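Here's the structure, in structure tokens; my notes come after.
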Amino acid sequence: MTNFHKRILRTGIVLLVFLLLLFFSFEQQKKQSSGTDETAKAPISDTAFKLNTVVTVTLYDSTDENLLAEAIDLCDKYENLFSRTLPTSELYQLNHGLLPQEDGFFCISPEMTELLTTALSYCEKSGGAFDITIGPVSALWDFTSEEKVVPSDAEISAALPLVDYRKVIVKENRVRFLQEGMQLDLGAIAKGYIADKIKEFLLEHGVKSAVINLGGNVLCVGEKPDGDAFGIGIQKPFAKRSETVSTIQVRDKSIVSSGIYERSFEKDGKFYHHLLNPKTGYPYDNSLVSVTILSEKSVDGDGLSTACFSLGLEEGMKFIEDLPDTEAVFITEDYKLHYSSGFPRS
């Protein structure tokens, strides 16, 4: 073999080795890229006990654990605004006359102003069936204690004159009560507001696919990364949280339920639950066990679920049918499901 042929052979071998190395390098990069894509597709989730319930946030298009933790921690910020029982909260200090005053009004935060304005609008729309001034009455009840204490008729009768949403004036980050001794309870609407704020936070940080679950208040951010909707179950009353009566497909909407099974107790053969009638001071008894609302914003779903439960099946259904982009399903004591005209069926 001549030197010329030897050089050709060596050049060919070097070229072959180079091509093989290039091929294996390309394959390795493709595997790493594929692995990265799979990791990005895997949702991350965190769960904590906040707002006196189990809170879960799941991100489908982000792997930022710090962002997830910040979203969860927002619950603490808003609990320190809206908790009725936390002494450091703004609402507690408002109810006990501890906030700064100006011209007879208490000075409140923009967040409190925003939530009170929304809540009072649902008080008005429901004709007072939903009333956030229920505070003096709800304070008499404790549905988390093992003692199962039922307030006396005298205690309830003394508290009822303080319940009237029409005696609350809100304007320009200030609030005034027209009757001394009034107290607000935002427990029926605050979680929806908080869920909306968590969604705003996630959107501001580039998240477009997520599910926020504040103890049954579920708010879907967008849709799944593959374009599918989120499958959200409607809880079966008095069953475990994982047991559902129906599952619906949800994109970028809120689904909120209020039911007598959430906080309740039985004493002397009688059942008591936390959905109180502002006119009587006792739990509603209207043949409903739950109401689920499908809406754009979670604060609306929260307010409407309580308002519609308070109104009862017939009036509550009429209320929903008059609202745009809002649907509901009512569950009665016989476990029948009553759907509004546009509610999606599973």
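Since the structure is predicted, the reported quantities are computational estimates derived from the model, not experimental observations.
In this structure, the separation between CG on Leu68 and CG on Asp73 is 9.5 Å, given to the nearest 0.5 Å.
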Could you walk me through whether Phe319 and Thr326 pass the side-chain contact (heavy atoms from CB on, under 4.5 Å) test, one step at a time? CA-CA 10 Å; Phe319 189 24; Thr326 307; over 6 Å; no

Let me see the working for Ile234 and Ile255 under side-chain contact (heavy atoms from CB on, under 4.5 Å), right down to the final yes or no. CA-CA 9 Å; Ile234 298 174; Ile255 185 164; 4.1 Å; yes

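Using a 4.0 Å cut-off between charged side-chain N and carboxylate O, Glu321 and Lys318 make no salt bridge. Taking the charged nitrogens against the carboxylate oxygens, Asp268 and Lys270 have no contact shorter than 4.0 Å, which rules out a salt bridge. Ion pairing between a basic and an acidic side chain is recognised when a charged N comes within 4.0 Å of a carboxylate O; Asp325 and Lys297 show no such pairing.
Taking the six-membered ring where the residue is Trp, His273 and Phe271 present tilted rings, their angle falling between 30° and 60°. In this pair, Tyr339 and Phe343 present their aromatic rings tilted. The plane angle is within the 30 to 60° band. Relative ring orientation between Phe201 and His205 is described as tilted, the plane-to-plane angle lying within the 30° to 60° band. By the 30° and 60° cut-offs, the orientation of the rings of Trp141 relative to Tyr272 is tilted.
For the residue pair Tyr193/Glu111, the side-chain donor-acceptor check at 3.5 Å is not satisfied. Looking at Asn217 and Ser254, their side chains never bring a donor and an acceptor atom within 3.5 Å of each other. For the 3.5 Å distance criterion, the side chains of Tyr60 and Asp226 fail to qualify, holding no donor opposite an acceptor. Counted by atom type alone, Thr113 and Asn173 present one or more donor-acceptor pairs between their side chains at under 3.5 Å. A donor-acceptor pair shorter than 3.5 Å cannot be found between the side chains of Ser257 and Gln235. No donor-acceptor contact under 3.5 angstrom links the side chains of Asp300 and Ser295, judged on distance only.
More than 12 non-hydrogen atoms from other residues, nucleotides or ligands lie less than 6.0 angstrom from CD of Gln101.
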